[in-house]
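Comments concern the structure below.
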There are 2 protein chains.
Amino acid sequence: MWHRPRKPVLHYFTMDHTLLLSGIAKHISLEKEEEAYFVSLLHQKKVRKKQLLLEEGEINSKLNYVTEGCLRSYAVDKNGFEHVLQFAPPGWWIADMHSILTQKPARLNIDAIEDSEIIFMLKPDFDALLLRMPKFEHYFRILAQNALATYQYRQIDHLSLSAMERYANFCQLYPSLIRSLPQKQVASYIGVTPEFLSKMLNTMIIK
Amino acid sequence: MWHRPRKPVLHYFTMDHTLLLSGIAKHISLEKEEEAYFVSLLHQKKVRKKQLLLEEGEINSKLNYVTEGCLRSYAVDKNGFEHVLQFAPPGWWIADMHSILTQKPARLNIDAIEDSEIIFMLKPDFDALLLRMPKFEHYFRILAQNALATYQYRQIDHLSLSAMERYANFCQLYPSLIRSLPQKQVASYIGVTPEFLSKMLNTMIIK
DNA sequence: ACATTTTCTTAATCTGCATTAAGTTTTTCT
DNA sequence: AGAAAAACTTAATGCAGATTAAGAAAATGT
């Protein structure tokens, strides 16, 4: 039987920074050598589905940026139930901000919902980057402010909307996630049990 | 009847920037002329209890910093109930971040819980400040990141704790606010009705 | 000082969502 | 392909917290 020859295996591989760099380029412009320095601080990693990147109790030392797949952050309550704080599809940063900033134990876990690829930066390198290249203060300020705006409105939604309204909201806000996520994860994000979400979706719909 | 002569009325008055400037000094150090420029962008205002500073639907054009009293931001749901997002005692910034950033109509209202004094900066001046004095990128990045960390954990608390636990949390986090706020406002912040909070506090306590 | 408004309390009733449990379908692993 | 695990569904029962209502206490305005 004939086999088509495989592509040669590369033992070094090109890190895929294009997404991250183009995201950064929307806010600041970098000289070639600035970019090179920045890139030198990055690490790459492939993670398998369900693999933990951060566990509650650890100190969060990495800023994770997703290039492929999807991560999530979540906390586990005293009854063992998981509550999703954030999903991170490609193009998103994800971390336990409180732990990163204060270097205290994290309350959040971070894991992969599907096989994924990430780029990450270590906290000391992050601090060094900001000292050496103050331009990045701007980029990360914008990032933090946008995230802050999002959390403000999400909190309001949580205080003032019903489960059904929160679900509709989620669908509108993250149409691509709705298609790719298990219902269970969506339920956890909007703050209901999987059983209730299932019932809600199957009794509300006019057949 | 004898009257003690009043202090002469000053028609200019010293703005009280000390709180704000010392807060800034914790993160960046300013030359005298830098400080002077920054101060030149600030405005001062006294607000009476219940006075609205931002109304839902308006575009939020001011970054407000509280020097005395207490402000709050809140949204009103379709049944007319208020939901408090944030309290701002002295030393805190308060704004509808989404509206400030995108210059779209705000979902939040901001008003004074008691007679207060604020310092505010206009959005165009804020943008100009950051362009002219990039140091401030650092200050506002730190601010935004801290706020973000706080909202992340608050969201988790909301997803995973009972009303009683959220109340206990609030007491621990903001002991001075608990003493000065009407119970009603606290109820709205933790996401329960005033009736339920009252019942909770008066039946849980062993007499 | 008194009238008005706002806040707090108590209690009865109601409901949105949780819990439990068991069965079914889909996905994942070997 | 077949077994195991994970995700989804359905239904009965339970409960934390909402709603409604009405009175008491406290704060506020004039």
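Here is how names work: the chains are called A, B, and so on, in the same order as the sequence lines, proteins then strands, and each is numbered from 1. This structure is a prediction, so every number in the text was calculated from the model and none was measured.
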Measure [atom1]/[X] against [atom2]/[N] and give the value in whole Å, please.
X	N	atom1	atom2	result
B:Lys184	C:dT6	NZ	C1'	7 Å
B:Glu114	C:dT6	CD	P	17 Å
A:Asp115	C:dT28	CG	C1'	11 Å
A:His83	C:dA18	NE2	P	10 Å
A:Tyr167	C:dC17	OH	P	15 Å
B:Met200	C:dT10	CE	P	14 Å
A:Ile190	C:dG16	CD1	P	16 Å
B:Phe196	C:dA11	CZ	C1'	14 Å

Under 3.5 Å: donor-acceptor pair, side chain of B:Asn60, backbone of B:Ser99: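 Looks like no, no N/O pair under 3.5 Å.
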Quick one: does B:Thr102's side chain have a donor or acceptor within less than 3.5 Å of a partner on B:His98's backbone?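 At least one qualifying donor-acceptor pair exists.
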Selected nucleotide, minimal atom distance to [X] side chain, candidates [options]:
X	options	value
A:Thr193	D:dG17, C:dT19, C:dC17	C:dT19
B:Ser198	D:dT10, C:dC17, C:dC8	C:dC8
B:Val192	C:dT7, C:dC17, D:dG17	D:dG17
A:Glu195	C:dC8, C:dT19, D:dT19	C:dT19
A:Lys50	C:dA18, D:dA6, C:dT19	D:dA6
A:Lys49	C:dC17, C:dT28, D:dA11	C:dT28

Is there a side-chain polar atom (N or O) of B:Lys199 under 4.0 Å from OP1 or OP2 of C:dT10?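 For C:dT10, OP1/OP2 do not have a side-chain N/O of B:Lys199 under 4.0 Å.
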Respond yes when some side-chain nitrogen or oxygen of A:Asn202 is under 4.0 Å from OP1 or OP2 of D:dT10, and no when none is.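 Yes, A:Asn202 has a side-chain N/O under 4.0 Å of OP1/OP2 on D:dT10.
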Compute both the distance and the angle, then confirm whether B:Arg179 meets the cation-pi test with B:Tyr174: under 6.0 Å from the six-membered ring centre, within 45 degrees of the axis.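 Not satisfied by the 6.0 Å and 45° rule.
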Carefully, step by step, assess A:Lys184 and A:Glu82 under the rule salt bridge (charged side-chain N to carboxylate O under 4.0 Å, His left out). CA-CA 10 Å; A:Lys184 198 189 166 184; A:Glu82 297 178 355; 6.0 Å; no
Among B:Glu137, B:Gln145, B:His138, the one residue meeting side-chain hydrogen bond (donor to acceptor under 3.5 Å, both in side chains) with A:Arg141: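 Between A:Arg141 and the candidates, side-chain hydrogen bond (donor to acceptor under 3.5 Å, both in side chains) is satisfied uniquely by B:Glu137.
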